[in-house]
Amino acid sequence: MTTPALLPLSGRRIPTLSPGASSFPHHRATLRLSEKFILLLILSAFITLCFGAFFFLPDNSKHKLSCRSASSTVSSSDSEESLRDKIRADHERALQEAKEKLRKSKEELKAEIQTEKTKVVEDLKKKDGPKPLPPVPMPKLVGVNDGDPGDPDTKEKRDKIREMMKHAWDSYRQYGWGHNELKPIAKKGHSTNIFGNSQMGATIVDALDTLYIMGLHDEFKDGQEWIKQNLDFSVNAEVSVFEVNIRFIGGLLAAYYLSGQEVFKVKAVQLAEKLLPAFNTPTGIPWAMVNLKSGVGRNWGWASAGSSILAEFGTLHMEFVHLTYLTGNPAYYQKVMHIRKLLAKMDRPNGLYPNYLNPRTGRWGQHHTSVGGLGDSFYEYLLKAWLMSDKTDTEARKTYDDAIEAIERHLIRKSNGGLTFIGEWKNGHLERKMGHLTCFAGGMFALGADGSPDDKAGHYLQLGAEIAHTCHESYDRTVLKLGPEAFKFDSGLEAVAVRQNEKYYILRPEVIETYWYMWRFTHDPKYRQWGWEAVQAIDKYCRVSGGFSGVKDVYSSNPTYDDVQQSFFLAETLKYLYLLFSSDELLPLENWVFNTEAHPLPVLHLGNITLPGSETQR
């Protein structure tokens, strides 16, 4: 039996089954060559018989037949003769075509059949293709390139990070092109069950905006061309709605806004339409997975009582609001607002949101609350919905503030050694353990400080700094100076992993993400110093000739590799590092909001415009 494991899933991760989903066979009815010969011969004989019989009929019968076939319009002998000549010519042409077919080689016949198939597919695409999207004003785009930091030392460090990105991309380009991810040791493609059995080029889509802001435009064009020619969502693959939304829709939308290339917008909308069937549940809470071809959805087998997961169905808002804005289709906005309204009506134990919700009954599953895996990005997207609306979505802000107040009361504690940490609530008990994923919260608290109720801006900026410090300690207390997957605060051990299966580092971005946000809001030089420590450790211990790999034990001086170059390493880790050593003019936070996979989406300054499907002006 496959056991649940925390796998490297995107910006905010969730546990899934181990990689290696079974593939789905594609059944195609194709005729064998010998059968084709027989059919052609039968067809030829039939034509000969039919037209031969016509010429042996008595004149009287021929006259009747020709009259019928011409709808009683041919009456003269000249017309009759003309009709006979036409039929004779058609007969000769049919026989000649049959002879030519029989003379052709097996390869020529195969090529002809393939050409006909392609033509039929293209005709169907033209017939059933997407309707042209309505023109909408492009949001104000500020700071999409450059960001020169000024001083030479910082620029040199930024150039090093750019070189690491180029190494990661070039390795993927050489050894894993078109696959979802890369195995840098084995030097071949890699995928996990979040993408089903499909080769959807996840690394290409995830890396596009990072390439663009780093000025790697040739690489960006290579990715764009692959997407234009090869990215196809009509595949028989069961994918994670959450992962595909944050990586693919988020990545394609960001690439569209940064570059203005329509192909990215078109592909994002095509994919979004494939995700909508996941919402066909009794409550409107979407399934965790959906088959892109059939539209059939289901939940992860390991999830509590067949539940959907808070961090999955709660991490759709940003992308879906932009989809409604770009398409004029209210369905996307309505789907995410329905989720928000349903949650607002529900009782919350101690004001906390449990991580599991049953999409059939609308009831909470196991009472487990986390700001790490399973919960994390739900809270992040409440805050970012408010920011992305130009701070007009006050309902989202109020929901965020209430949730954070409950988290502070029940989950945030200070260790004996003075380290602030965020524990996990399990059935009325606080587990004094913090995951690497939870480290994003330092940046979230800083990002949400401005606009906090009761003049608490300073408090939340300080809380963000304390979380950043704790997470830096989790890195600093290892041999490799890279952070473990999870770390405890009890039995005299603080910010240290205890279990062997929690000692790995898989190129995760959350700690560096918090460093960047703290740098933007404080300009305290320690955040750049901590970021540079991480750059040096990643380059020393994770870099291999075929790219970058995660390591299995950060407390070992001779670690083994996990042989996976995660797509989020290019989308998030390297992007946040590059931004940390850039000026604030590159993607300023007044104009851009980053989704949970670090894909920047512009603030929608909608003014008095009403989003299609919304009840109130935003």
* To do: Flag the pair E502 and K433 as a salt bridge only when some basic side-chain nitrogen lies within less than 4.0 angstrom of an acidic carboxylate oxygen.
  => yes

* For Y257, which residues count as a side-chain hydrogen bond (donor to acceptor under 3.5 Å, both in side chains) partner, sequence neighbours excluded? -> H322

* Asked: Taking 4.0 angstrom as the limit, do K155 and D151 come out as a salt bridge?
  -> no

* Which residues share a side-chain hydrogen bond (donor to acceptor under 3.5 Å, both in side chains) with E156, sequence neighbours left out -> none

* Using the ring of each side chain (for Trp, its six-membered ring), is W530 parallel, tilted or perpendicular to H469, with breaks at 30° and 60°? -> tilted

* To do: Check step by step if side-chain contact (heavy atoms from CB on, under 4.5 Å) holds for L574 and M164.
  => CA-CA 8 Å; L574 291 172; M164 290 167 69; 4.2 Å; yes

* To do: Compute whether any side-chain donor of one residue and acceptor of the other, for S370 and N355, lie under 3.5 angstrom apart.
  => no

* Asked: Would you say the side-chain atoms of H459 and D454 include a donor-acceptor pair closer than 3.5 Å?
  -> no

* Using the six-membered ring wherever Trp is involved, compare the ring planes of F548 and F569 and label them parallel, tilted or perpendicular (cut-offs 30° and 60°). => tilted

* Asked: Are the side chain of Y212 and the backbone N or O of L258 linked by a donor-acceptor pair below 3.5 Å?
  -> yes

* Sequence neighbours excluded, which residues qualify as disulfide bond (SG atoms under 2.5 Å apart) partners of C471? -> C439

* Is a side-chain N or O of T324 found less than 3.5 angstrom from the main chain of G328, in a donor-acceptor match? -> no

* To do: Let me see the working for W425 and H429 under ring pair (Phe, Tyr, Trp, His ring centres under 6.0 Å), right down to the final yes or no.
  => CA-CA 6 Å; W425 190 265; H429 168 72; 8.1 Å; no

* For S474, all residues meeting side-chain hydrogen bond (donor to acceptor under 3.5 Å, both in side chains), sequence neighbours excluded -> none

* Asked: Can you tell me if E395 and Y400 form a side-chain donor-acceptor pair at under 3.5 Å?
  -> no

* To do: Mind checking side-chain hydrogen bond (donor to acceptor under 3.5 Å, both in side chains) for T514 and listing every partner two or more places apart, or none if nothing turns up?
  => none

* **Donor-acceptor pair between W287 and E312 side chains, under 3.5 angstrom** => no

* To do: Would you check, one step at a time, whether the test side-chain contact (heavy atoms from CB on, under 4.5 Å) holds for L323 with N329?
  => CA-CA 8 Å; L323 286 166; N329 181 356; over 6 Å; no

* Asked: Got a salt bridge between K481 and E533, using NZ or NE/NH1/NH2 to carboxylate O under 4.0 Å?
  -> no

* N595 versus E319, side-chain donor and acceptor atoms under 3.5 Å -> yes

* Are the charged groups of D450 and K391 less than 4.0 angstrom apart, N to O? -> yes

* To do: Report the C-alpha distance between F487 and T478 in whole Å, list the side-chain angles of each, state the deciding distance to 0.1 Å, and finish with yes or no for side-chain contact (heavy atoms from CB on, under 4.5 Å).
  => CA-CA 11 Å; F487 40 96; T478 71; over 6 Å; no

* Asked: Does the pair W516 and F594 meet the rule for a ring pair (Phe, Tyr, Trp, His ring centres under 6.0 Å), with working shown?
  -> CA-CA 12 Å; W516 174 60; F594 288 72; 5.2 Å; yes

* Asked: Are the side chain of T281 and the backbone N or O of P286 linked by a donor-acceptor pair below 3.5 Å?
  -> no

* To do: Could you please spell out the steps behind the side-chain hydrogen bond (donor to acceptor under 3.5 Å, both in side chains) verdict for D209 and H599?
  => CA-CA 7 Å; D209 51 7; H599 296 307; 2.6 Å; yes

* Asked: Which residue, R508, K503, H436, forms the side-chain hydrogen bond (donor to acceptor under 3.5 Å, both in side chains) with E485?
  -> R508

* To do: Go through the steps for D393 and R340 under the test salt bridge (Lys or Arg N to Asp or Glu O under 4.0 Å), then give the verdict.
  => CA-CA 12 Å; D393 186 356; R340 186 191 290 180; 2.9 Å; yes

* Asked: Is a side-chain donor-acceptor pair under 3.5 Å present for T203 with S567?
  -> no

* Salt-bridge test for K140 and D390: reply yes if a basic N is under 4.0 Å from a carboxylate O, no otherwise. => no

* Asked: Would a 4.5 Å heavy-atom cut-off, applied to side chains only, mark S308 and F242 as touching?
  -> no

* Asked: With no hydrogens and no angle check, is any side-chain donor or acceptor of T420 less than 3.5 Å from a backbone partner on I467?
  -> no

* Basic-acidic side-chain contact under 4.0 Å: R397, D401 -> yes

* Asked: Do NZ/NE/NH1/NH2 and the carboxylate oxygens of D539 and K160 come within less than 4.0 Å?
  -> yes

* Residues in salt bridge (Lys or Arg N to Asp or Glu O under 4.0 Å) with D146, at least two apart? -> none

* Asked: Centres of the Y332 and F320 rings: under 6.0 Å?
  -> yes

* To do: Measure the acute angle between the ring planes of F581 and W532, then classify it against the limits of 30° and 60° as parallel, tilted or perpendicular.
  => perpendicular

